[in-house]
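A short worksheet on the structure shown next.
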Amino acid sequence: MGLGEFLSLLCALLWAFAVIFYKKAGDHFSAYEMNLFKSTLVFLLMIPTVLLTDGFSIPVMSHYQFWIILISGFIGIMLADFFYLRALQLIGASLTGITGSLYSPFVVGLSLLFLGEHLSSWQYVGMILVIGGVILVGYRKKSLTIEHPPIRGFIYATLAVFFTALGIVIIKPVSNELPFFWIILLRSFGGYITMVMYGIIMRKPLSVFHVINAKGGGWLILGAFIGQYLSMMIWVAGYKYTSASIASILNETASIFILILSWLLLNEQLTRRKILAVSYTHLTLPTNRE
């Protein structure tokens, strides 16, 4: 195993741990509080990161590039993470993690729609198979879920994956034109400022740092730092040292890690249906790429 492959697997493992931490924090905070704190912390951490990696020079960008990155932050951070955190509270980590397998077919489908990319017949087959695998685990007895019935949680999880994919696809045209960490900084700002605007409109408290000393605050800090900041750095390094197709497939092993960790650390049931679904969806991943 090369360095790139190792880093891509490490990224998936770190995200899986972050999901567990978010699930534990979700017992004490609302999805709004968690997302606002996470967005604030990551945005603040990205400022010195950009200065260390790219210096003080602000890259030249068009108004279109600037706004599309901000919109990507709104879609991929404010909306996607909000729905994901809420899904964790409703259906648990393992089921939310398995729903994450929809990311690949969503990216493929949205790339066809927005970027005009052509799909092979195997990619169409792969999309259908992955969706079938998620439906397999979603069609389950209510006694095995946190919410009764679990349909609302699955809808939130699916929306989270869809908005994550959409947020990535719409900035793909500008991703090679600007420094990567500046893109992340602006995306983080887009997610943060729209969370603040949501809080103002909904008349919710905008204070975030009270969670540090609150019960469950440590889990939230760990989830935000490991899941949104540290794993992102390792994700970038993984793509640097191996091919994009291999890195992306290895990244999606996160759902396997989530399934195992949720069983070990959260006492969520490890059923044959879950094992079958996660195995089924991962066997189809290569067919989603050319």
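What you see below is based on every heavy atom in this structure, not just the backbone, and it leaves out hydrogens, waters and symmetry mates.
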query: Would Y32 and M202 satisfy side-chain contact (heavy atoms from CB on, under 4.5 Å), going step by step from the backbone distance to the final call?
result: CA-CA 11 Å; Y32 165 77; M202 301 303 294; over 6 Å; no
message: Determine whether T49 and M233 satisfy the following criterion, side-chain contact (heavy atoms from CB on, under 4.5 Å), listing intermediate values before the conclusion.
response: CA-CA 10 Å; T49 301; M233 303 297 173; 3.3 Å; yes
Derivation and outcome, side-chain contact (heavy atoms from CB on, under 4.5 Å), residues V208 and K38: CA-CA 9 Å; V208 293; K38 172 189 66 63; over 6 Å; no
query: Run the side-chain contact (heavy atoms from CB on, under 4.5 Å) check on Q269 and W263 step by step: do they pass?
result: CA-CA 6 Å; Q269 294 186 10; W263 172 55; over 6 Å; no
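Crowding of I58 atom CD1: a count of heavy atoms from other residues, nucleotides or ligands under 6.0 Å not exceeding 12. Annotation: W182, atom CH2; neighbour count of heavy atoms from other residues, nucleotides and ligands within 6.0 Å is above 12. For F6, the CZ atom sits in a loose shell: 12 or fewer heavy atoms of surrounding residues, nucleotides or ligands are nearer than 6.0 Å.
Put simply, I200 and M195 are part of the same group of oily side chains (I, L, V, M, F, W, Y) that touch within less than 4.5 Å, one to the next. One hydrophobic cluster holds both Y64 and M61 under the rule that ILVMFWY side chains link at heavy-atom gaps under 4.5 Å. Residues M197 and L186 are members of separate hydrophobic clusters, defined by side-chain heavy-atom contacts under 4.5 angstrom among Ile, Leu, Val, Met, Phe, Trp and Tyr. Under the 4.5 Å side-chain contact rule for hydrophobic residues, L178 and L52 do not share a cluster.
Contact detail for I171 and S72: the closest heavy-atom pair is CG2-CB, 3.2 Å. Across every non-hydrogen atom of A93 and S262, the tightest pair is CB-CB, 4.0 Å. L36 and T40 get closest at one heavy-atom pair: O-OG1, 2.7 Å. Nearest heavy-atom pair across L85 and A31 is CD1-O, 4.0 Å. Scanning both residues, S255 and G97, for their nearest heavy atoms gives CB-O, 3.3 Å. F29 and G217 get closest at one heavy-atom pair: CE1-N, 3.7 Å.
With a 4.5 Å cut-off on side-chain heavy atoms, Y192 and M78 do not count as touching. Counting heavy atoms from C-beta on, the side chains of L14 and I234 come closer than 4.5 Å. Using a 4.5 Å heavy-atom threshold, the side chains of F180 and D54 count as separate. Q228 has its side chain out of reach of M46: every pair of non-hydrogen atoms, C-beta onward, lies at least 4.5 Å apart. Side-chain atoms of T194 and I77, non-hydrogen and from C-beta on, never get closer than 4.5 Å to each other. In this structure, I20 and W219 have side chains that are not in contact, with every pair of non-hydrogen atoms separated by 4.5 Å or more. By the 4.5 Å heavy-atom criterion applied to side chains, F21 and L220 are not counted as neighbours. Between V19 and F257, every side-chain heavy-atom pair lies at or beyond the 4.5 Å cut-off.
Note that the OH atom of Y198 and the CG atom of N35 stand 10.0 Å from one another [nearest 0.5 Å]. Rounding to the nearest 0.5 Å places CD1 of I68 at 10.0 Å from OG of S62. Note that NZ of K215 and NZ of K24 are 11.5 Å apart. Values are rounded to the nearest 0.5 Å. Between the CD1 atom of I91 and the OG1 atom of T96 there is a distance of 3.5 Å, given to the nearest 0.5 Å. The CG atom of L88 sits 10.5 Å away from the CG atom of D27 when rounded to the nearest 0.5 Å. Summarising the geometry, atom CD1 belonging to I258 is positioned 12.0 Å from atom CG belonging to L265; distances are rounded to the nearest 0.5 Å.
Under the 6.0 Å cut-off for aromatic ring centres, Y229 and W15 do not qualify, their centroids lying 6.0 Å or more apart.
In this structure, F83 and F163 have parallel ring planes: the angle between them is below the 30° cut-off, well short of the 60° mark.
Listed by chain and residue number, F43 satisfy the ring-ring contact (aromatic ring centres under 6.0 Å, His included) test with F189 (two or more places apart in sequence, or in another chain).
Looking at T99, its side chain never comes within 3.5 Å of a backbone N or O of A157 through a donor-acceptor pair.
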